[in-house]
Amino acid sequence: MALKLYNYLTRELEPFEPVEEGHVYMYVCGPTVYDHSHLGHAKTYVAMDAVVRYFKYLGYKVRYVRNLTDVGHLLSSGEDRISRGARRERLDPMEVVDTYIKSFHDDMDALGVLRPNISPRAACHVPEIITWVQGLIEKGYAYEVNGNVYFSVAKVPEYGKLSHRNVDDMVAGARIDIRDEKRDPADFALWKSADPEHIMRWPSPWGEGYPGWHIECSVMASKYLGRTFDIHGGGLENMFPHNDCEIAQSEAYHDGDDAFAKYWILVGSLTVSSVKMSKSLGNFLTIKDALSLYSPEAIRYFILSGHYRGPVDFSRDAIQAAQRGIDRLHNTIRKLRRRIERTPPAGTAVLADVAGFKEYRDAFERAMNEDFNTAQALAALFEFAKEVNRTLDENDHLSMGTLSAMDKLFSELAGDVLGILPENLEERVGGETIEGLVSLLLDLRQEYRAAKEWSKADAIRSRLSELGIVLEDTAEGSSWHLA
RNA sequence: GGCGACGUAGCCAAGUGGUAAGGCAGGGCUCUGCAAAAGCCUUAUUCGUCGGUUCGAUUCCGACCGUCGCCUCCA
């Protein structure tokens, strides 16, 4: 079973063949840090996280680079987003940037999105960017006018090859705010001259200014991943113009056609009532707000229950269904781990059992190998959970070997690959004091139950339930967990 | 106008040229002092509409209807 992925460059499902054996070099367009992130961002980065985690599961050594855009881009008004944020909050622009970088990292950590190996900031790469812009001018791909430097799209016949557009078609009906100084309306800025009131600015051979939107990704990807690397990912909506511009610049700078990413994987948008969740439409839920309503695993499960390339439609009902679904999966694993605690360490796995479990791992891998079909992989996991529940219910004397084989499968697939198992499933309420108190109450209740004083036993259960502690009576005694 | 995506049960959502995964919700049953948890059974003769190709299409092709994305900062 070989991993296949859908390459937007060719629009085909292709077997994954790394540039360098055993390694994956991957770049993903990160956020512009000018506000708190919302669930739409979560979808892209959770999806890419599952991809990275699966590559690691397969044994690849991954170098994952995801940038942070902190140099600001132009609004239609000509205002810079970050400086506008700064003005609003009376802060230095870099103070705004740092605030939201921290916010972004907090959100991603909370969602269990593994940190990239490198999170380069555009502002820290202005010298390299200037070198690139100079290089592109020298090679004849770019020209300077009034302190602005533009990339000449006409010099690259292949421009638009990712989004499958050609410049002529676009110009026809587009409402582009054409700048007279551009030689071609489709030319895009590599370097922009800063107006006097513009706060974010750096000296350059063309006067004070700041980088254009697209150049940073080319420069940083090239710096950390090399001239040609394996995978470039990001949000589907950035395919044009951003990704196409990246390709044009990079290949021009490196004098080659195949001098950028080999595979392009793009993530479909999160929608709300079929409309894209976005800042400008105001139909967004921040990750922090979402996390106050739903568990991180529920959010991940919700996102991963659809294919990464397609849209996933957000609704209260849908994410609540996800919360209930993931809770049920957690229940199974909790029950399994309680059994493990009560089982003597000796004992080998029953071969027949373990062989049976393999079919679920195979189904999981088959799904993931087919362009990271997390929805189908999850189905395999739920079927395995059903099997585990049944096995646990029907057998009192499972060996430690069998039990830990089950736990291993959950830990690796649900935990390591999909990231939908919390670190501490068993002890989300920490503290020996609480553990001790609850266990005291359980003992007390058990005495009432033995004496058939049901109303007192039920009162303890319902009072605990009001405190968010759920009791479950089983043949081996009562257990509890947080609601 | 151009490029592109999607339309599958009450809801979310996979998928395949040979007769529809999984989750949630609903119904029945088992277990249980009662609950909870779990299990078993059950819920789409049907995959937007109409044509075509085929022995056979939800899956391929065409038209149409509907929804959405990008072409402008956007994950």
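Chain naming here is simple, since letters A, B, ... match the order of the sequence lines and numbering starts at 1 in each. Small disclaimer: the values here were computed from a predicted structure and weren't measured.
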Between [M] and [N] - [atom1] atom distance, rounded Å:
{"N": "B:rA57", "M": "B:rG51", "atom1": "C1'", "value": "13 Å"}
{"N": "B:rA9", "M": "B:rG22", "atom1": "C1'", "value": "13 Å"}
{"N": "B:rA14", "M": "B:rA75", "atom1": "C1'", "value": "24 Å"}
{"N": "B:rG39", "M": "B:rU32", "atom1": "C1'", "value": "13 Å"}
{"N": "B:rA21", "M": "B:rU58", "atom1": "P", "value": "16 Å"}
{"N": "B:rA25", "M": "B:rU59", "atom1": "P", "value": "32 Å"}
{"N": "B:rA20", "M": "B:rU46", "atom1": "P", "value": "12 Å"}

Atom pair distance, as rounded to whole Å: [atom1] in [X] and [atom2] in [N]:
{"X": "A:Asn369", "N": "B:rG15", "atom1": "CG", "atom2": "P", "result": "14 Å"}
{"X": "A:Arg461", "N": "B:rU32", "atom1": "CZ", "atom2": "P", "result": "15 Å"}
{"X": "A:Asp327", "N": "B:rG22", "atom1": "CG", "atom2": "P", "result": "20 Å"}
{"X": "A:His242", "N": "B:rC71", "atom1": "NE2", "atom2": "P", "result": "13 Å"}
{"X": "A:Phe188", "N": "B:rC70", "atom1": "CZ", "atom2": "P", "result": "20 Å"}
{"X": "A:Tyr159", "N": "B:rG2", "atom1": "OH", "atom2": "P", "result": "19 Å"}
{"X": "A:Leu162", "N": "B:rC71", "atom1": "CG", "atom2": "P", "result": "14 Å"}
{"X": "A:His214", "N": "B:rU72", "atom1": "NE2", "atom2": "P", "result": "10 Å"}

Indicate, with a heavy-atom threshold strictly under 4.0 Å, whether [X] touches base, sugar-phosphate, or nothing.
{"X": "A:Leu236", "result": "nothing"}
{"X": "A:Glu383", "result": "sugar-phosphate"}
{"X": "A:Leu471", "result": "base"}
{"X": "A:Gly30", "result": "sugar-phosphate"}
{"X": "A:Lys386", "result": "sugar-phosphate"}
{"X": "A:Arg445", "result": "base"}
{"X": "A:Val267", "result": "nothing"}
{"X": "A:Arg328", "result": "sugar-phosphate"}

Which nucleotide, if any, forms a Watson-Crick or G-U wobble pair with [N], using both distances under 3.5 Å?
{"N": "B:rC24", "answer": "B:rG10"}
{"N": "B:rC50", "answer": "B:rG62"}
{"N": "B:rU30", "answer": "B:rA38"}
{"N": "B:rC68", "answer": "B:rG4"}

Closer than 3.5 angstrom, by distance alone: can the side chain of [X] be matched with the main-chain N or O of [Y] as a donor-acceptor pair?
{"X": "A:Asp70", "Y": "A:Ala122", "value": "yes"}
{"X": "A:Arg300", "Y": "A:Gly112", "value": "yes"}
{"X": "A:His125", "Y": "A:Arg121", "value": "yes"}

Hey, what do you get for CZ (A:Phe104) to CG (A:Asp109), rounding to the nearest 0.5 Å?
-> 9.5 Å
Ordered by number, residues from residues 37-49 of chain A within less than 4.0 Å of RNA chain B (heavy atoms) are A:His38, A:Gly40, A:His41, A:Thr44, A:Tyr45
ring-ring contact (aromatic ring centres under 6.0 Å, His included), paired with A:Phe382, selected from A:Tyr301, A:Phe410, A:Phe364 =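 Single ring-ring contact (aromatic ring centres under 6.0 Å, His included) partner of A:Phe382 among A:Tyr301, A:Phe410, A:Phe364: A:Tyr301.
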Return the set of residues passing side-chain contact (heavy atoms from CB on, under 4.5 Å) with A:Asp327 (not counting sequence neighbours), or none when no residue passes.
->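 Result, side-chain contact (heavy atoms from CB on, under 4.5 Å) vs A:Asp327: A:Gln323.
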Relative to A:Tyr6, does A:Arg11 satisfy both conditions: NZ or CZ under 6.0 angstrom from the six-membered ring centre, and within 45 degrees of the ring's axis?
-> no
Tell me, please, whether A:Tyr27 has A:Arg66 positioned over its six-membered ring: NZ or CZ under 6.0 Å from the ring centre and within 45 degrees of its axis?
-> no
Return yes if the base of [N] and the side-chain atoms of [X] contain a donor-acceptor N/O pair under 3.5 Å, otherwise no.
{"X": "A:Arg390", "N": "B:rC40", "value": "no"}
{"X": "A:Asp458", "N": "B:rG33", "value": "yes"}
{"X": "A:Asp473", "N": "B:rC34", "value": "yes"}

Name the residue closer to the 5' end of RNA chain B, choosing between A:Thr271 and A:Ala318 according to the nucleotide with the nearest heavy atom.
->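 Closest to the 5' end, via its nearest nucleotide, is A:Ala318.
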Sorted by position of nearest nucleotide on RNA chain B, 5' first, the leading residue of A:Ser455 and A:Ser273 is A:Ser455
Applying ring-ring contact (aromatic ring centres under 6.0 Å, His included), run through A:His232 and A:Tyr263 and close with a yes or a no.
-> CA-CA 6 Å; A:His232 189 126; A:Tyr263 303 96; over 10 Å; no
State which of B:rG22, B:rG69, B:rA38 makes the closest approach to the side chain of A:Phe382.
-> B:rG22
Which of A:Ile231, A:Leu5, A:Leu162, A:Thr10 passes side-chain contact (heavy atoms from CB on, under 4.5 Å) with A:Trp264? It is A:Leu162
side-chain N/O [X] vs [N] OP1/OP2, d < 4.0 Å:
{"X": "A:Thr32", "N": "B:rA75", "answer": "yes"}
{"X": "A:Asn373", "N": "B:rG15", "answer": "yes"}
{"X": "A:Lys276", "N": "B:rC70", "answer": "yes"}
{"X": "A:Asn389", "N": "B:rG39", "answer": "yes"}

Do we count A:Trp454 as stacking onto B:rG33 if the rule is ring centres under 5.5 Å and planes under 30°?
-> yes
